[in-house]
**Student:** 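My structure is below; once you've seen it, I'll send some questions.
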Amino acid sequence: GQNIDQPTEMTATEGAIVQINCTYQTSGFNGLFWYQQHAGEAPTFLSYNVLDGLEEKGRFSSFLSRSKGYSYLLLKELQMKDSASYLCAVIRGDYKLSFGAGTTVTVRA
Amino acid sequence: GAVVSQHPSRVICKSGTSVKIECRSLDFQATTMFWYRQFPKQSLMLMATSNEGSKATYEQGVEKDKFLINHASLTLSTLTVTSAHPEDSSFYICSARSTTTDYEQYFGPGTRLTVT
């Protein structure tokens with residue numbers, strides 16, 4: 001089975017940095033995705049990690065430690081438009097995605 | 001590239017009727033399509049996996065006779081919610097995996113179903 005945990009909510013100020021942690025216990029791990037989802041919309045792809053380490057992509061970075069079953073998404077220079085739900089998802093060898101419950105990030109001016 | 005469309009985007013139907021939702025990959029061929037359901041303030045839950053030309057495989061707890069899935073071509077999968085009830089009201093999202101990419105899935109914009 002899959003067990004994916006991430007915080008429910010986080011609040012930060014515009015221009016600040018926020019780190020969203022995700023821990024997972026899963027069988028058949030083949031990588032971890034981070035998605036952004038605005039209310040009423042489908043998820044949009046942010047990052048994919050399959051090897052340990054940090055992947056940086058503009059203001060967003062994602063880190064993975066397979067031995068610890070841990071990942072984080074780092075959002076830098078927060079903007080108001082970054083207010084959204086951030087979903088951590090693990091993919092198995094059969095290409096099935098299991099999602100965490102999502103972390104709602106609220107950016108305040 | 002890698003665009004997935006869903007139709008309709010919103011639908012309201014009466015209890016007891018059936019609703020069909022289409023998922024299309026517009027600029028790529030999709031070996032596999034996935035159907036998810038998302039209730040308010042909850043995450044996406046995988047309902048079923050749809051492979052072109054074969055029967056869909058359903059996740060535990062999802063009634064295959066209620067949620068009919070057809071994947072007739074490499075660019076189209078349909079989900080039919082049969083005899084819909086108010087508790088089926090949800091956000092239904094499909095995703096597609098390209099024949100040429102590895103693990104990435106491309107999500108459709110979702111369909112908001114309301115059953116009255």
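Numbers restart at 1 for each chain; the letters A, B, ... are given by sequence-line order, proteins then strands.
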**Student:** Would you say L26(B) has more than 12 foreign heavy atoms packed within less than 6.0 Å of its CG?
**Tutor:**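 Result for CG/L26(B): enclosed.
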
**Student:** Compute the ring centroids of F99(A) and Y36(B), then answer whether they are less than 6.0 Å apart.
**Tutor:**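 Between Y36(B) and F99(A), which both carry aromatic rings, the centre distance is below 6.0 Å.
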
**Student:** Using modelled atom types only, decide if a donor and an acceptor are shared between the side chain of S43(B) and the backbone of G100(A) within a distance under 3.5 Å.
**Tutor:**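 Flag set: sc S43(B) to bb G100(A) pair under 3.5 Å.
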
**Student:** If Ile, Leu, Val, Met, Phe, Trp and Tyr residues are connected whenever their side-chain heavy atoms lie under 4.5 Å apart, and connections chain through other members, are F29(A) and F34(B) in the same group?
**Tutor:**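 In one cluster: no.
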
**Student:** Pick whichever of I93(B), L44(B), T49(B), L46(B) has the most heavy-atom pairs under 4.5 Å with chain A.
**Tutor:**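 With the most close heavy-atom pairs to chain A, the winner is L44(B).
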
**Student:** Taking non-hydrogen atoms and a cut-off under 4.5 angstrom, which of residues 54-91 of chain A neighbour chain B?
**Tutor:**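 Residues of residues 54-91 of chain A touching chain B at under 4.5 Å: L87(A), I91(A).
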
**Student:** Rounded to the nearest 0.5 Å, how far does CD of Q105(B) lie from OH of Y95(A)?
**Tutor:**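 Here the interatomic distance stands at 10.5 Å.
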
**Student:** For E104(B), is it the side chain, the backbone, both or neither that has a heavy atom under 4.5 Å from a heavy atom of chain A?
**Tutor:**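 Contact with chain A involves both backbone and side-chain atoms of E104(B).
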
**Student:** Within this structure, what is the CG-CZ distance for the pair L97(A) and F107(B), rounded to the nearest 0.5 Å?
**Tutor:**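 Here the interatomic distance stands at 5.5 Å.
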
**Student:** Is the number of heavy atoms from other residues, nucleotides or ligands under 6.0 Å of M45(B) CE greater than 12?
**Tutor:**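 Not more than 12 within 6.0 Å, no.
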
**Student:** What residues of residues 34-43 of chain A sit under 4.5 Å from chain B when only non-hydrogen atoms are counted?
**Tutor:**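 Heavy-atom contacts from residues 34-43 of chain A to chain B are Y35(A), Q37(A), G40(A), E41(A), A42(A), P43(A).
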
**Student:** Does anything in residues 99-108 of chain A form a side-chain hydrogen bond (donor to acceptor under 3.5 Å, both in side chains)? List the pairs, not counting sequence neighbours.
**Tutor:**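 Only Q6(A)-T103(A) qualify under side-chain hydrogen bond (donor to acceptor under 3.5 Å, both in side chains).
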
**Student:** With the 4.5 Å side-chain cut-off for hydrophobic clustering, are L51(A) and F45(A) part of the same group?
**Tutor:**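 Same cluster.
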
**Student:** Apply the hydrophobic cluster definition, ILVMFWY joined by side-chain contacts under 4.5 Å directly or through others, and give me every member besides I21(B).
**Tutor:**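 Grouped by the 4.5 Å side-chain rule, V11(B), V19(B), W35(B), M47(B), Y58(B), V62(B), F67(B), I69(B), L79(B), V81(B), Y92(B), L113(B), V115(B) form the rest of the cluster around I21(B).
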
**Student:** Other residues, nucleotides and ligands only: do more than 12 of their heavy atoms fall within 6.0 Å of NE2 on H7(B)?
**Tutor:**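 Result for NE2/H7(B): open.
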
